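Step one of this worksheet: look at the structure below.
Note that the coordinates shown come from a computational prediction; the quantities given were computed from them, not determined experimentally. First the proteins, then the strands, lettered A, B, ... as listed; each starts at 1.
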Number of protein chains: 2
Amino acid sequence: METIEKEEGKLEVILKAAQKKFAEFGLAKTTMNDIAAEIGMGKASLYYYFSCKESLYEAVISKEQDHFLQEIQKTIKPTASAISIMKVYAKKRMRLFEYCLNLAKLNGDGVSNCLPFVKKLFEEFGKQEVELISSILEHGMNIGEFAPIHPKVEAEFVCSVMLGLRQAAKYRMKESLMTKEDYKNLNANMDKAVDMFICSILV
Amino acid sequence: METIEKEEGKLEVILKAAQKKFAEFGLAKTTMNDIAAEIGMGKASLYYYFSCKESLYEAVISKEQDHFLQEIQKTIKPTASAISIMKVYAKKRMRLFEYCLNLAKLNGDGVSNCLPFVKKLFEEFGKQEVELISSILEHGMNIGEFAPIHPKVEAEFVCSVMLGLRQAAKYRMKESLMTKEDYKNLNANMDKAVDMFICSILV
DNA sequence: ACATAGACTAATTTTCTATTTTGGTCGAAT
DNA sequence: ATTCGACCAAAATAGAAAATTAGTCTATGT
C-alpha cells in the first residue's frame with residue numbers, strides 16, 4: 001500500500017483557491033464561479049464538497065485561524081520567559097496576518113456592516129486569542145514574572161489595544177491601501193504597546 | 001450705548017441648530033431645510049450666513065473643536081504635575097466627546113468613505129491634539145517627571161492608542177449603538193492605557 | 001445696507017423596473 | 001464517488017423616471 005502524495009486532496013485545492021479569491025475580492029464579491037474557474041472546475045462541483053458559499057468561507061477562515069494559532073503556539077515554550085513570549089507574540093502576530101489575509105481582512109474591515117455569521121467568526125477568533133494570551137499571562141504569573149493579575153481581563157485589554165492600533169492605522173492612512181511605511185509604523189506601535197503592557201504587569 | 005444680550009446672535013442660533021441636526025443625522029443626511037426648519041427660518045436665509053453646506057458643517061466642527069481644546073486647556077495648570085494632567089486629560093477627553101457629538105462621530109466613523117474636506121477636518125483635529133499632548137509631555141520633561149523622550153512621537157502614539165481603543169470598542173459592540181456598558185468599558189480601557197503610557201515614560 | 005424668503009434651476013438621490021448575475025439544485029454521465 | 005450541464009429562484013446590477021436637495025436670484029420689508 002503506497003501513500004503517494006504527488007496530488008494534494010481536492011478539498012485542499014479548493015480551499016487554497018477559495019482562500020486566494022476571497023482574499024482578492026472579499027466574501028461578497030467572490031463568486032463560486034471565480035473559485036471553480038481558478039482550478040478549472042465546474043461551479044456545481046464545489047457543492048459536492050461544501051454545502052454553501054458561507055460554509056466554504058468558514059472553512060477558509062478556520063484554516064487560516066488554525067494556521068495562525070498553531071504557528072503562535074510554536075513560539076510558546078514552557079521553558080521560555082513569559083516576557084519574551086509576549087514580545088515574540090506581538091511580532092509574529094503581525095507577520096502571520098500577512099499570510100492569513102482573510103483573517104486580517106476580518107480584523108481590518110468594520111464588522112458592523114457584515115453578515116451575522118462573519119461577525120461570529122470574528123468573535124470566535126477574538127475569544128481564542130484572548131484565551132491564548134491569558135495562558136501566556138498565567139504562565140508568567142506562575143513563574144513569578146508577572147504580578148498577580150486577572151489574566152482574562154488583561155488579555156482582553158491587550159487584544160483591544162492591538163485591534164485598535166490596526167484600526168487606527170487604517171484610519172490615519174493617506175491612500176485607501178496601507179503602504180509599507182504604514183505597516184512599519186503599525187509594527188512599531190504594536191511592539192511599543194506590548195512592551196508598555198508587559199512593563200505594567202511586571203512584579 | 002447699551003449692549004443688550006437678551007438675544008444671542010442669529011449666527012449662534014444657526015450653529016446650534018446645525019450642530020443638533022448634524023449630530024442627529026450626520027452630514028450627508030441632514031438637509032439645509034432640516035436646519036432652517038429647526039429654527040423657523042427659510043432655507044435660503046441660511047445662505048446669507050454660510051456660503052454652502054460644507055462651510056456650515058466646518059463651522060460646527062470648528063466650534064466643537066474650539067470648545068474641546070479650550071476645556072482641555074483649562075485642565076492644564078503650569079503648576080500641576082504632568083502626570084496628573086495626563087490622567088485628567090484622558091478622563092476629560094471621554095466626557096467632552098459626549099458633548100462634541102459631531103467631533104466624536106468624526107472619530108468614531110470610518111474616515112475612508114467620506115468627503116475629502118471631512119478627512120481634512122479630522123486630520124487637523126488630530127494634529128492639534130498631538131500638539132496639545134506634546135506640550136503636556138514637554139512640561140513633564142521640564143519638571144523632571146518624564147524621561148527624555150520625543151514628545152511628538154510619543155504624543156502620536158498615545159493618540160493612535162486612544163483613537164484605536166474607540167474604534168475597537170465600536171468593533172466589539174453587540175448592538176449598532178454603544179451601550180452604557182460599552183462606554184464604561186471604553187473609559188476603563190482609556191484610563192488604563194494612559195496610565196500604562198505614563199508609567200512607560202517616567203524617569 | 002441688512003435680513004429674509006418665495007420661486008426657480010441644475011444636480012444629486014431615490015425609486016422603480018427590466019435585465020443580468022449568482023447561489024444553489026437535480027439528474028445524467030463517468 | 002465525482003463531475004458537470006441545464007435549470008431555477010433569488011439577489012445584484014443597470015438604467016430610466018421621479019422626487020429631493022444644494023444653491024441662486026430677485027423681490028420685499030426693515
Heavy-atom nearest nucleotide on DNA chain C taken for B:Lys10 and for B:Lys29; more 5' hit belongs to B:Lys10

Nearest to the side chain of A:Ala44, heavy atoms from C-beta on, is which of D:dA22, C:dA5, C:dT25?
C:dT25

Does A:Tyr48 make a side-chain N or O approach to OP1 or OP2 of D:dT2 shorter than 4.0 Å?
yes

Just the rounded figure in Å: distance from C1' of C:dT4 to CD1 of B:Ile39.
12 Å

Round to a whole Å and report the spacing from CG of A:Leu56 to C1' of C:dT22.
15 Å

Could you tell me how the ring of B:Tyr171 sits relative to the ring of A:Phe122: parallel (under 30°), tilted (30 to 60°) or perpendicular (over 60°)?
tilted

Euclidean distance, atom OH of residue B:Tyr57 to atom C1' of D:dA22 [Å, nearest integer]:
17 Å

Looking at A:Tyr49, I'd like to know whether one of its side-chain N or O atoms comes within less than 4.0 Å of OP1 or OP2 on D:dT3.
yes

Length of the CZ-P vector between B:Phe117 and D:dA22, whole Å:
12 Å

Look at B:Ser45 and C:dA5 and indicate whether a side-chain polar atom (N or O) is within less than 4.0 Å of OP1 or OP2.
yes

Any side-chain to backbone donor/acceptor pair from A:Lys105 onto A:Leu27? Under 3.5 Å, distance only.
no

Categorize B:Ser55 for me: base, sugar-phosphate, or nothing, with a 4.0 angstrom heavy-atom threshold over every strand shown.
nothing

Which nucleotide in the set D:dG23, C:dT25, C:dG23 lies at the smallest distance from any side-chain heavy atom of A:Lys43?
C:dG23

Could you state the CD1-C1' distance from A:Ile35 to C:dG23, rounded to the nearest angstrom?
11 Å

Using 30° and 60° as the class boundaries, would you call the ring planes of B:Phe97 and B:Phe125 parallel, tilted or perpendicular?
perpendicular

More than 12 heavy atoms from other groups under 6.0 Å of NE2 on B:His150:
no

Please report the distance, rounded to the nearest Å, between OH in B:Tyr47 and P in C:dT9.
17 Å

Without decimals, in angstroms, what is the distance between B:Leu46 CG and D:dT24 P?
13 Å

Side chain of B:Cys52: nearest nucleotide among D:dG23, D:dC4, D:dT24?
D:dG23

Spacing between A:Phe50 atom CZ and C:dG23 atom P, to the nearest angstrom
15 Å

Separation between CD (B:Glu71) and CD (B:Gln73), nearest 0.5 Å, reads 11.0 Å

